[in-house]
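All chains are named by letter (A, B, ...) in the order of the sequence lines, taking the proteins before the strands, and each is independently numbered beginning at 1.
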2 protein chains.
Amino acid sequence: MNIPADSAAVRRGNLALVLRHIADHGPCARTEVAAGTGLVHASVTALVADLVARGLVEEVGAAVTGARGRPRRLLRLVPERVRTTAVHVTWEHITVMTAGLAGSPGGARQLAHHQGPFGPREGMADAIAAAVTESVPAAPGVHHGRLVIAMAGPVTDARADDPGRGWHAPELAALVADRLSGQSCPVDVVNDANMAALAEQHALAAAGDDPGGTVAYVKSDAGVAGALIINGRIHHGSYGLAGELGHIPVTLDGPACRCGATGCLTTYISTRAVLDAAGLGDLAAPHDSGAALAELGRRLQSAEPRALAALDRAGRALGAAIQSIIGMVDAERIVLGGHLAEWLPWLLPGIKVRMDPRRAAFPTLPVAVSPGVFGPDAALHGAIAAGRARILADPTAVPGGRGSGGASCAGSAGI
Amino acid sequence: MNIPADSAAVRRGNLALVLRHIADHGPCARTEVAAGTGLVHASVTALVADLVARGLVEEVGAAVTGARGRPRRLLRLVPERVRTTAVHVTWEHITVMTAGLAGSPGGARQLAHHQGPFGPREGMADAIAAAVTESVPAAPGVHHGRLVIAMAGPVTDARADDPGRGWHAPELAALVADRLSGQSCPVDVVNDANMAALAEQHALAAAGDDPGGTVAYVKSDAGVAGALIINGRIHHGSYGLAGELGHIPVTLDGPACRCGATGCLTTYISTRAVLDAAGLGDLAAPHDSGAALAELGRRLQSAEPRALAALDRAGRALGAAIQSIIGMVDAERIVLGGHLAEWLPWLLPGIKVRMDPRRAAFPTLPVAVSPGVFGPDAALHGAIAAGRARILADPTAVPGGRGSGGASCAGSAGI
DNA sequence: CCCATTATTTTCAATGGTTGAAAAATTAGA
DNA sequence: TCTAATTTTTCAACCATTGAAAATAATGGG
């Protein structure tokens, strides 16, 4: 910590502690909150009163236990008090999704945009703001928690020496925030693969399948990307480029990559590389490989040798990359997204070629490779989860209690 | 955070804030501490009084500024109040080093031990405790801050399902703590490569060369190992094996490794692999390759082709590994330790073969590869730094103030 | 030599937070 | 109706930071 702590910080932390307990453990009484958090009954009373004043928590009625004593009054999260808006910007579409704090987002609205993949910042900000204002109506009593914008492509952080590639998060966030005059709220600009990884990690945790402290995510659809989650938080790296493992080398003398190097992972597991290896490169149009992918799926089902060989080749490269991930960051769970999730049955033999020898050396290390459960909407779900986590981590951002009432509306970038 | 915050936590955090400022910015007055930390003058007065009561800070006299006004009374860290002891356990030796808080450790005392590399825990604990009690005399008024034991080999954390390999940190820490009856203090058991990385990162920061948030360390001497430092802290991974990158694959079809896989980094950059490739494998005795290494150094100086080729081969593999590190965790600084530091001039061409194409794609990313400044004592210096950081992060562990006075003496493992 | 000025440090009441014990509330069972 | 049991609230106490005022200790000028 670099800033001094005071009683307000204590209050903030304990409010978050109580709110998270209520969110995680369903409707529960104050006593259970006290037992679960380590706080004393008196403190829980005061903290819950604060959360109720902010509209984040409400009493749902008395529990009918049949036991003696004063009945416990159950507390519940008010899901619709705070609304998180997620935006996914791909090369061709802007998709908007909103959700309350309940964790079950509604449907997504998709709009076409005509900005280039790295087009002018102002044009992109216009398009995003228009999509948001169109899709998210203002409602009374609803606090707009956060607008999380997931970009397909590198997102760099607040550095003076911009690498020139990718989106400058603070800049784009500020541009969009300016254009949301009516419903101003904090704006985050993040990478979509990071958000997809977050979604998958939350899904694993929600399913009771503890993903552990370090989770790696690899996906291949429009491009190859990945993300690293360490202790439940995304690892950004020095330039916000962590997890961009499309161009990690998996062999010393491999095919030439468009990036100039050789043997990049992209040259093995990208959609184009797999289609080419399967002899289906001709079927894929520049921006629509749907037909070719469908044909690949059919040939895999019918065990066509060339299709199988293409996925074996990809699997071996992916296995090497996974082995690097495990050795480097000691992840105990690798989640595959995009087409890799669909292809997993055919990739696994190739992956095992790499992983089994290591497993023989460290027999009891339970590293699991699993397919992601989300489809193309993974990034949206992850962005919703990120916004929700922000509110749960600092309830004082919602007005109504004694503390500060949601003032900061500037764009920020750190999730 | 999972435990509630109270006024004691506020006090702890602000004490650490003040102490760190005094430690980092040399002798300075209370006003400067207030300006640097964001605390108010009144708070600084109270906090400094607490630190003085604990013996961690003292007034060094008035500053002779010649300016008008009440003269500032300079505060200084008391270096000898807290003593950190570091132990490095290699396959053959136990080395002990102690240091105060000043940052300039004294000489190291080395003892031979006759435990196997993964010998019985009790025997190793006996040897370590004996070395410590022999090397570190008790002194009045000196608080033993922490005993940090850096083990050459994998160190696993508190998990029920022990992988069987490596040292179980809590167990060994408890065993050693039990044997230090006279001078009980908290014991940490950590991996030596992690500590070496920490030492190098501290050295870079101390030299004014900001290493950034993510630093990777790779070394090769008795074995190939590495470490990852994220935001100044060691990344352990799910099983405490992060950074063990001796067995990450750098190519799809490489030489067979003793671990059972093929193409591991070890098969390219280990001391034995380099000596073999240079045609010097016969000179190396099983446990002493000193003569062979000296001969390799001579041949490199005289540009003997086979020696140069061996290091080019190693450099290319190392470049691929570095490229993987950069792509995966986005480190902006790679530090090479062990023999790699000595060999760097001859490794660099091979490394550049891998890194330059990527640099062409991301021209302004300033990723630096640099040799470590520490020799074999790197782990000891890092362990000292880790112990020092612990005290600076929680001064209430030192008795004397109002808060708790250094009670917990059990073994722990998390650095 | 004395006094105004200036800058640092300390003191002190006020505020806000958690805590522990006691009191109040509310129901089941005798 | 009364007692026991359990949850919730109230209240005095304590501790930490804060802001303003007071104390401290030098310099520079008359």
- Among A:Val40, A:Val18, A:Leu17, whose side chain to side chain contact (heavy atoms under 4.5 Å, CB included) with B:Pro4 holds?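 Result: among A:Val40, A:Val18, A:Leu17, A:Leu17 is the only option passing the side chain to side chain contact (heavy atoms under 4.5 Å, CB included) with B:Pro4.
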- Under the salt bridge (charged side-chain N to carboxylate O under 4.0 Å, His left out) test, which residues partner A:Arg76, sequence neighbours left out?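 Counting only residues at least two positions away or on another chain, A:Arg76 forms a salt bridge (charged side-chain N to carboxylate O under 4.0 Å, His left out) with A:Glu58.
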- With sequence neighbours excluded, what pairs up with A:Arg73 under the salt bridge (charged side-chain N to carboxylate O under 4.0 Å, His left out) test?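 Partners of A:Arg73 by the salt bridge (charged side-chain N to carboxylate O under 4.0 Å, His left out) criterion, ordered by chain and then number, come out as A:Glu59.
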OP1 or OP2 of [N] sitting under 4.0 Å from any side-chain N/O of [X]?
X: A:Ser7; N: D:dA16; value: no
X: B:Thr45; N: C:dT9; value: no
X: A:Ser43; N: C:dT19; value: yes
X: B:Asn14; N: D:dA16; value: no
X: B:Arg11; N: D:dT17; value: yes

[X] [atom1] - [N] [atom2] separation (whole Å):
X: B:Glu59; N: C:dT10; atom1: CD; atom2: P; answer: 7 Å
X: B:Asp6; N: D:dT17; atom1: CG; atom2: P; answer: 12 Å
X: A:Arg72; N: C:dT26; atom1: CZ; atom2: P; answer: 17 Å
X: A:Ile3; N: D:dA16; atom1: CD1; atom2: C1'; answer: 16 Å

[X] versus [Y]: any side-chain heavy-atom pair under 4.5 Å?
X: B:Ile229; Y: B:Thr214; value: no
X: B:His25; Y: B:Glu32; value: no
X: A:Leu101; Y: A:Leu56; value: yes
X: A:Leu15; Y: A:Leu51; value: yes

- Task: Identify the two heavy atoms, one from B:Glu80 and one from B:Val142, that lie closest to each other, and give their separation to 0.1 Å.
- Result: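 B:Glu80 and B:Val142 have their closest heavy atoms at O-CG2, 3.6 Å.
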- Task: Might you point out which heavy atoms bring A:Pro395 and A:Leu19 nearest each other, and give the distance in Å?
- Result: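 That would be CG-CD2, 3.7 Å.
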Set out, line by line, the N/O atom pairs under 3.5 Å between protein and nucleotides 25-30 of chain D.
| unit_1 | atom_1 | unit_2 | atom_2 | d |
| --- | --- | --- | --- | --- |
| D:dA25 | N3 | B:Arg70 | N | 3.3 |

- Item | Sequence neighbours excluded - salt bridge (Lys or Arg N to Asp or Glu O under 4.0 Å) pairs with any residue from residues 13-28 of chain B |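 Listed once each, the pairs would be none.
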- Task: Identify whether any heavy atom of B:Leu47 sits under 4.0 Å from a base atom; if not, whether one sits that close to sugar-phosphate; answer base, sugar-phosphate or nothing.
- Result: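 Touches sugar-phosphate only.
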- Query: Which part of the nucleic acid, if any, lies within contact of A:Leu74, taking any heavy atom under 4.0 Å across all strands shown: a base, the sugar-phosphate backbone alone, or nothing?
  - Reply: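 The answer is nothing, as A:Leu74 stays clear of every strand by at least 4.0 Å.
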- Task: Could you list by number each residue of residues 19-42 of chain B showing a heavy-atom separation from DNA chain D of less than 4.0 Å, or answer none if no residue does?
- Result: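 The answer is B:Leu39, B:Val40, B:Ala42.
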- Five pairs at each end of the helix from C:dC1-D:dG30 to C:dA30-D:dT1: take the axis at both ends and give me the angle between them to 10°.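 Axis angle across the helix from C:dC1-D:dG30 to C:dA30-D:dT1, nearest 10°: 30°.
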- Consider only side-chain N and O atoms of A:Arg146 and A:Thr84, and report whether a donor and an acceptor are under 3.5 Å apart.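 The answer is no; no qualifying pair exists.
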